[in-house]
Structures are given as structure tokens and as C-alpha cells.
Amino acid sequence: MSLIADAKAPADAKQEAQLHYAVRPYRLPAKIMHWTVASLVLFMVASGITMKQLGNGELTDFIFALHKTTGALILVLVVGRFCYRVLFPDRSWKTERYRRPFIHWLLYGLLLAVPLLGWAGVSDFGARDLLFGLSLPAIWPEGAGWSDFLFESHAYAAFGMLVVVALHIGMAVQDHMTRSRWDAPEED
Amino acid sequence: MFPRSFRAQVGQRMAIWAGMLGFLFSLYATVEIIQTVRISHFSGQIAATAAALKAHNTSYNAYSQLARGLEPDNAGQAVLTSLAEIRGAAKDDGITKASADMAKAVTALVPLALNHPERPKALQELVQARSEIEKNLIARVTASQEALAEMISHDRKNKILIVLLSMFVLGQILLLEFRWLVKPLSRMAVVLKRGRKFSQSLANEALRRDEVGALARSLVNHFALVKREEELSRLENDKLSDRLSRQENLKRESAAFQARIGEIVHRLEEHAGQMAVASKDLLSISSTADERAAASAESTQRVSEHVDIVASSIDGIANTMTNVVAETERTSHVTASARQLVQAANEDARALTESARTIEAVIALIQDVASQTNLLALNATIEAARAGEAGRGFAVVASEVKQLATKTAQATEEIRDGLTGITDASLRIAERVTKLVGSVEQVDSGAVTIAASIREQHASSQAITTNTARTAEDVRGLADTFQHVAGLIADAKRAARLVTEVSAELGQQSRDLRASVDRFVASSTEVAA
């Protein structure tokens, strides 16, 4: 076993780290998309809560527009990330059997569902305008009276997603700490 | 997804947790700040509305006086003042408009007398304007109330959700850190405390890249070292026990060797003792044999001497007889005529013949004895050949030989007697011959016969002489044999003495050997110990 070999020949710490603890080889586009979406989601949470807390006003309208625009961007990025993942799957996901990243799929689902709920809400509410003179297409009949329910669902789903994000962070750290030996050379 | 420098160490994990909780806390703080700002805004709004309402209410007396027409100037002035106050407090379009309408109504109503026909219409306008103001104020209060309620509801929802999320994150942090930090550390403490060598959990933790992983690796390292040391010491123990068992074996073998050597030495000593006893016996036997042999040698010497004497005397007799024969022949030759004397001489010759016969018997006896002696000599040689137990046999032979010697002596005595008779007769013959010188012729024929018989006699005496000489030789040979036997016995004696010495030396040497073996075994056991 590698442990005994390690014990017998304590290698250079740096070399050991390179040998055994290589970072999981996500590709650069995946990394960029991941961290962009992550920061945008944080901004969305902050902006959503602030917007709601501020109530009606000009600032609220601006933040609302920003929120909607960012939401659209997130939707695009998540769809892109999802397609990228499906089209260019990592080699390790096929070979490594111990891990089923169901939380990733849950996250993808929520990252699609939450913006869609918001979009439906604004469609019903009739405020599909974005920044820079853009506008969202309607995906829900305007004035159908479901806007409050849709917004509430949007908010609760967002908080649920935050719970999943917290779990995701914990599992990622755990994974990185204990199992991220993907690049380790074949031993024994 | 993590940067290369991120190793999930405790500090880095704490930074992540701090970031998460900090984000939630800043959200909560933002919510709280917005809430505070908005509440202060609402409270200002409500205070203004309340001030307007108060002004509106305080103007009621003036308003009623004005409506009843009592001191219309003063009342109108008071109402206008209150209207200005309301406008100042509640900056609202509806209220501004309503207060302006009311101010117009007041100014229209003040100059009119009680019975003036325009008065009811102006009064109605005044009442309408006041109710409008009241409605607006109430609407304003209601709007404030509703906004406040909505704000509070949103605020509560936001705060509850943020707090719930924070609690979840906090719980997750506690749970994960308990799993990642507390549990492995306590497990390691247990492993260290109980001295368990290896566990799967420890192996898993050693794969971790944070401080706990380093700790587990060093622990595994330590256990591997301990295991190797234990193996080494076990090997040493094995070697030691092997050496001990070998020493034990060596001791056992040396003890067995000692016992065997002791047994051999004991047997050697016994043999040496037996040998010493035997050699002593042999010595004593050989000394007696020596004595006896010496005695027999002496007696045979004596016998041989006697035989020699006999032989020489017989020789002498023979010589004498040849002389006699010569004399008689000469006499026969010379005195052929002395036939008369021959007659007498014939008588003498007869006597002589008789004597000769006795001599013959004696000679036969001697011959007998000689043959017996011969036989005895043969026996003696046979007995001598049997060496050891010869003493007694030799004694017997010696006595026999002695008897023979005496018999021989007696026979020679008799011979001597016979011979004296013969010499007497021959003397008488000689006297008669000298008397019968003349008649030698007569004697002649008798002399011839005598001569013949004497010749025969001479031959027999010759035979006797040779026999005696042979007997003497035999006896001498016997003596030589005795000498030889005595020499052999002396040799045997020397050998026996040598054997005694050797056996004594052997006993000494075996004792020395035992002592040296004891010493060797003692030293070897010391070495083994």
C-alpha cells in the first residue's frame, strides 16, 4: 500500500503534494463558468433580499432591473455549463465509481428553476424590461394573478438553493481534502 | 475548482466558513440597516401626519365658531393658521389641494354676515373642504400603516430565512468540523493511548492533505517504525533463545560426554586394578617358578656331573679292558704254551664272565634308566613348552631325574664292585699267568676265547660309553633347557613388573584424564553459562 511506502521513504513535501494531491482537473471554461455563476448567485441573493427589503422606489427599480438582467445571464451561463458538462465530460466521472455527483444535478436544476420562476413572475407581473433597453420574452400570461405566488416560490427556491450551495461547499471541501488524488500515479 | 494552494487546511477551511457566515451576516446587517432607515422614514411620516391631524383637530373650535358666525375674523384667522400647519406637516398633493380649497372657503366665509344669502353655500364648501382634508389625512395614515405592515412582513421573512440559513450553515460547519477535526483527533488519541497498531480510519486520514492528514501520516510512520523495531527485537529474542537452546544442548551434550568419559575412565581404572592384581599374581607365580627352575637346574647340573663321572669311569674301564685285551692277546701270542694255566685262567675267566654278566645287567639297568631319563627329558621339554604352569611339572621331573641319578649312582657302585671283583680275578689271573709262564700255550686257547669275549665286552662297554655320553648330553641339554626356561621366566617376571608399572601408570593417567575432563566440562559449562 502506498501508505507504507510513504512511511518508509518520506518524500519531499512539495513533491508528495504534487504526486498525491493534484487538484481535480476541471477544464478552464468549466472553472470560469463555475466561479462566475457562483459570484453572480451571491450577488443575486444579496440584490434580491435588498430589493425586497427596500420596498418600492427608484433604487428598487434599478436593483430589480439589475437582478433580472443578472438572472438572465445566470440562466445563459448555467445552460452553457450544463451543455459543456454533457458535451465534454471529465474522464474521471466515468472511471471513478465511488462518487455520484447528485448534488451537482440538484444544483443545476435549482439554478435553472429559480431564474425561470422569477422570469415567469415578471412575465405575469408585467415587468419584463431589463437594463440596456433589453426585454425578456414572456413565458407566462401577463396578469394571470400568479405573480405573488411565483415570486414567493422564487424566493423560497432561492433560499433552498442556498442550502444546497452550503452542502455543495462542504462536500467539495471534504472531497478536496480526502479524495482529490485524481492525478496520483498508479501505485502498487 | 479550488486553487492549487488550497489544501483544505484548518485555517483555509475557517476562512471559507467565515466567508459563508460573513456573507450571511452582512446580508442580515444590510436588511437590518434598511429596516432601520425605513422605520425612521415611516416614523417621520407618521409624526408629520399626526401633527397635521393634531392641527386639524385643534382648529375644530375655530372652525365651529366660524361656522356659527361667532367672531368670524379671529376664527377664520385661526383656521387659516391651522391649515398652514397641516400643509407644513403633511406635504401631500391631496392635502395641499384640500387645504387650499378650505382656505378659499374660509376667506369667502369670514366677511359674510349670518343672514347673508351666500353664507350657506360658502359654509357647505367649507365643510366639504374640511372633510376632504380629513379624508386625505386618514388615507395618509392608512397608507403609512399598510407600507409599514408590508415592510415588517418582508423584513421578518428575510430575517427568518437568513437566520435559518445561517443556522443551517453553522450546523453544517459544526458537523463537518466535528467529522474532520474532532473525530480524527480523538480517534488518533485513542489509537495512541491504546497502542493499536493500525486502523483503516487512520489509513484514510493519512490520505488527507490537511494538518490531520499530516498528523495521521506521521502516526502511521511512527507505527511502522515501532512495528519494525518490534520485529527487530523479536528477531533478537529468537536469536537469543536459539543461542540459549544451543547452549543448553551443548551443556547437555557435555554432561553426557562427561558421564561417558567418567564411565570409560572408571572402567579403565578397574581394568588397571585388575591388571595390577594379575601382574602381581603373575610376578609371584613367576618368582616361585624361577625358584623351582633354579632348583631343578641345579639338580640337573649335579646329575650331569654324576653322569660325566660315570662316563669317564666307564671310559677308563674300557681303556683298561683294551689294555687287558692287548695283554691277553700278547699273552696268548707269547704264552701259547701256557695251556695249563689257561685251564686255571679258564676258571678265572668264567668268574670274570660272571662278573661281566653282572656288569651286563647293570649296563642293562643303566640303559633302562637312560631310556627313562630320555623319556623324562622328553616330558620335561613338553612341560617346558607349556611355560606358565610348568613349576610343578618341573619339580616332578626334577625328582624323577634325581631318583634316576641315585639309581645310576647305585648301579655305578655295583659296577665298581663288579669291577673290583674283576680286577681281583684278573690280578689272580695275572699271578697265575706269571706262575703259568711256561704253560702259556695251554692258556692260549682259553686266552683266545677270553680275547674274543673281552672284545665283545669291549664293544658293549663302548656302547655303554656312547650311551652314557648321550645321556650326559641329554641331561646337559635338559639343563640348558632349564636355563632357557629360567631366562624365559625372568623375562616373564620383568614383563609382569612392567605390566604392573604400566597398569599403575594407566590408573594414574585415567585419574588425570578424569580430572582434566572434569576441569574441561566445568570450564565449558562456565563458558556456556
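Bear in mind the structure is a predicted one, so any value in this text is a computation, not a measurement. Chain naming here is simple, since letters A, B, ... match the order of the sequence lines and numbering starts at 1 in each.
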Worksheet item: Hey, is B/E150 close enough to A/K52 for a salt bridge, meaning N to O under 4.0 Å?
Response: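 Answer for the salt bridge query: no.
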Between [options], who has the most heavy-atom pairs with chain A when the cutoff is under 4.5 Å?
options               : answer
B/V169, B/D155, B/V37 : B/D155
B/V31, B/V212, B/T30  : B/V31
B/L176, B/L161, B/L27 : B/L161

Worksheet item: Which bit of B/I173 comes within less than 4.5 Å of chain A, counting heavy atoms only: side chain, backbone, both or neither?
Response: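 No part of B/I173 comes within 4.5 Å of chain A.
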Discussion item. With a 4.5 angstrom heavy-atom cut-off, is it the side chain or the backbone of B/Q172 that approaches chain A, or both, or neither?
Written reply: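 For B/Q172, the side chain is the part near chain A, not the backbone.
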Worksheet item: Any cation-pi pair here, B/K227 with B/F223, using under 6.0 Å and within 45°?
Response: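 Relative to the ring axis of B/F223, which defines the angle, B/K227 lies outside at least one limit.
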Worksheet item: Hey, are B/H56 and B/E134 close enough side-chain-wise for a donor-acceptor pair under 3.5 Å?
Response: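 Note: B/E134 and B/H56 side chains meet the donor-acceptor criterion.
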Practice prompt. Could you have a look at A/V45, A/L54, A/L162, A/T50 and say which one has the most heavy-atom pairs with chain B under 4.5 angstrom?
Written response: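 Result: the option with the highest number of such pairs is A/L54.
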Worksheet entry | By salt bridge (charged side-chain N to carboxylate O under 4.0 Å, His left out) - contacts of B/D242 (at least two apart) |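 With sequence neighbours excluded, B/D242 shows a salt bridge (charged side-chain N to carboxylate O under 4.0 Å, His left out) to B/R246, given in chain and number order.
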Fill in: Spatial distance of atom CD1 (B/I39) from atom CG (B/L148) [nearest 0.5 Å]
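Here the interatomic distance stands at 6.5 Å.
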Fill in: salt bridge (charged side-chain N to carboxylate O under 4.0 Å, His left out) pairs, two or more places apart, involving residues 25-40 of chain B
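Listed once each, the pairs are B/E32-B/K159.
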Worksheet entry | Residues from residues 44-51 of chain B approaching chain A under 4.5 Å (heavy atoms) |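 Near chain A, by residue number: none.
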Worksheet item: Within a strict 4.5 Å, meaning less than it, do heavy atoms of the B/E132 and B/N136 side chains meet?
Response: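 B/E132 reaches B/N136 side chain to side chain.
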Worksheet item: Quick one: are B/R130 and B/S59 in side-chain contact, heavy atoms under 4.5 Å?
Response: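 Touching, per the 4.5 Å side-chain cut-off.
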Worksheet item: By side chain to side chain contact (heavy atoms under 4.5 Å, CB included), which residues pair with A/F149, not counting sequence neighbours?
Response: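 A/F149 satisfies side chain to side chain contact (heavy atoms under 4.5 Å, CB included) with A/W146, A/S153 only.
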